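Right, one structure below, let's go through it.
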Amino acid sequence: MDLHQLRCFVAAAEDLHFGRAAQRLGMLPSALGRHIRLLEEDLGTRLLARTTRHVALTEDGAAFLDEARSLLARADELTARFRDRGRSRATTLRLGAIDSAAAGLVPLLLQDFQDRRPDVTVRLVEDKTIRLVPRLLSGRIDLALIRPPETPDKALEILFLFHESAVVAVPEDHALAGRDRLAVADLAGEPLIVPDRRSRPHSHDLTVKLFAEAGLQPDIAQIADEKQTIVNLVAAGLGVAIVPRWTSRLATRGVRYVRLEGAKATMDRLPLAAAWVRDARDAVRDDMVALLRSRLDRYADQA
C-alpha cells in the first residue's frame with residue numbers, strides 16, 4: 001500500500017466514476033483501476049463494487065475511506081512541514097513542464113528567474129501533463145507548467161497563464177511551404193499527424209475541432225505521442241501537423257512552420273497553466289509564481 005494508491009482510491013470513492021477521478025488526478029482510467037486493484041490485493045478485500053455503468057463503495061470501502069483520508073491528510077501535513085524545513089536550506093527548485101512550454105516559456109522564465117534568484121538552481125523535468133500531475137501531488141516536483149485538467153484535483157492550485165498560438169508544420173519541399181500563412185481549409189485532404197488523445201487531449205482536439213468548425217473532415221494519417229516525433233514524421237514527408245508555435249524551436253531539418261490564419265483570435269484550445277500543491281509553503285516556488293504573474297504579458301506576447 002502506498003500513498004498514490006490511497007489517492008486513487010479516495011478520488012474514485014468521492015467521484016464514484018473512474019473517468020472523472022482519473023481526469024482529476026491527471027492519469028488514465030486504466031492506470032487508476034490498476035492502482036486500486038493493487039490496493040485491494042494488499043488489503044485482501046474489495047473496496048469498490050464496479051460494473052461497466054456503476055461504481056459503489058463496499059462496506060469495507062466505506063469504512064476504509066475515512067482512514068485513507070486521514071492518512072493522506074497526515075502525509076500531506078508531514079510533507080509540507082519537512083519540505084518547508086528543507087527549503088530553508090536547499091537552493092533547488094524542481095520545475096515540471098510540458099514539451100512546448102519547455103521549448104518556449106521555460107528559457108524566458110529561467111533567464112528572468114536567474115536575475116532575481118541567482119542562488120537557486122532549477123531542475124527541469126519535461127513530461128506530459130498526465131505524468132506531471134502525479135509527481136506534483138506526491139511532492140517529487142514543486143511547480144509544473146501544464147495543460148490544466150478539466151477537473152483539477154482539489155489539492156492543486158491552478159494559475160491560468162495564457163493560450164498558446166498554433167502553426168502548421170509542413171515538409172520544406174511541400175507546395176504549402178512557400179505560403180506566409182495557411183487556413184484550415186488549405187489543409188483539406190492533406191494527411192495529418194496528430195497526438196494520441198489519451199496522453200495529449202488538448203493538442204489532439206485542436207486539430208479535430210478546427211477542422212469540424214471549418215466543416216471539414218480531417219485526414220488523420222499518423223498518430224504519434226511526442227512533439228519531436230511528430231515533427232520528425234513531417235520532415236519525412238508523411239504529413240503535416242498543427243502544433244503549438246513554440247514547437248518551432250525544436251530545430252528539425254526539412255520542416256517549415258507556417259502561421260495558422262486567425263490563430264491569435266481563435267486559438268483557445270492550448271491553455272497553459274502553472275500548478276502547485278495548495279497550502280504547501282515554499283518561498284522559492286512562490287518567488288517563481290510571482291515572477292510569472294509580473295511578466296505574464298511579456299510571455300504571452302511570444303506564445
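Being a predicted model, the structure only gives us computed values, none of them experimental.
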>> With rounding to the nearest 0.5 angstrom, report the CE to CG distance, Met288 to Leu109.
In response: 4.5 Å
>> Set out, in order, the CA-CA distance, both residues' side-chain angles and the distance that settles salt bridge (Lys or Arg N to Asp or Glu O under 4.0 Å) for Arg7 and Asp76, then state yes or no.
In response: CA-CA 11 Å; Arg7 291 189 194 280; Asp76 290 343; 2.5 Å; yes
>> For the backbone of Arg94 and the side chain of Asp142, can you confirm whether one donor and one acceptor N or O come within less than 3.5 Å of each other?
In response: yes
>> Closer than 3.5 angstrom, by distance alone: can the side chain of Trp246 be matched with the main-chain N or O of Glu164 as a donor-acceptor pair?
In response: no
> CG/Leu72 to CD/Glu77 distance, rounded to the nearest 0.5 angstrom?
Replying inline: 13.0 Å
> Would you say Asp119 has more than 12 foreign heavy atoms packed within less than 6.0 Å of its CG?
Replying inline: yes
> Among side-chain atoms of Asp115 and Gln111, is any donor-acceptor pair under 3.5 angstrom?
Replying inline: no
> When you measure from the side chain of Arg24 to the backbone N and O of Thr151, does any donor-acceptor pair fall under 3.5 Å?
Replying inline: no
> After noting the C-alpha distance and the side-chain angles of Thr247 and Gln228, does the key distance pass the side-chain hydrogen bond (donor to acceptor under 3.5 Å, both in side chains) rule?
Replying inline: CA-CA 8 Å; Thr247 304; Gln228 186 66 68; over 6 Å; no
> Taking Asp282 for the side chain and Val284 for the main chain, is one N or O donor matched with an acceptor at less than 3.5 Å?
Replying inline: yes
> Would you find a donor on one side and an acceptor on the other, under 3.5 Å apart, between the side chain of Thr58 and the backbone of Gly61?
Replying inline: yes
>> Working note: Glu157 + Arg278, criterion salt bridge (Lys or Arg N to Asp or Glu O under 4.0 Å); need CA distance, chi angles, decisive distance, verdict.
In response: CA-CA 5 Å; Glu157 190 80 32; Arg278 191 187 303 274; 2.9 Å; yes
> Taking the side chain from Arg147 and the backbone from Thr129, do they hold a donor-acceptor pair closer than 3.5 Å?
Replying inline: no
> Considering all heavy atoms of both residues, which atom of Pro29 and which atom of Gly19 are nearest to each other, and what is their separation?
Replying inline: CG-CA, 4.2 Å
> Hey, any chance Leu93 and Leu110 share a hydrophobic cluster, counting ILVMFWY side chains that come within less than 4.5 Å of each other, even indirectly?
Replying inline: yes
> Taking all atoms of both residues into account, what is the closest heavy-atom pair of Gly26 and Pro134, and its distance?
Replying inline: O-CD, 4.1 Å
> Checking side-chain contact (heavy atoms from CB on, under 4.5 Å) against Ile193, which of Val240, Val243, Ile230, Thr229 comes through?
Replying inline: Ile230
> Is there a chain of hydrophobic side chains (I, L, V, M, F, W, Y, each step under 4.5 Å between heavy atoms) that links Leu16 to Val10?
Replying inline: yes
> Angle class for the Phe64/Phe9 ring planes (parallel below 30°, perpendicular above 60°, tilted otherwise)?
Replying inline: tilted
>> Donor-acceptor pair, distance only, cut-off 3.5 Å: does the side chain of Arg200 make one with the backbone of Asp225?
In response: yes
> Would you call Glu172-Arg253 a salt bridge at under 4.0 Å N-O?
Replying inline: no
>> Can you tell me how far apart NZ (Lys227) and CZ (Arg249) are? Round to the nearest 0.5 Å.
In response: 15.0 Å
> Is there a donor-acceptor pair closer than 3.5 Å between any side-chain N or O of Arg245 and the backbone N or O of Gln302?
Replying inline: yes
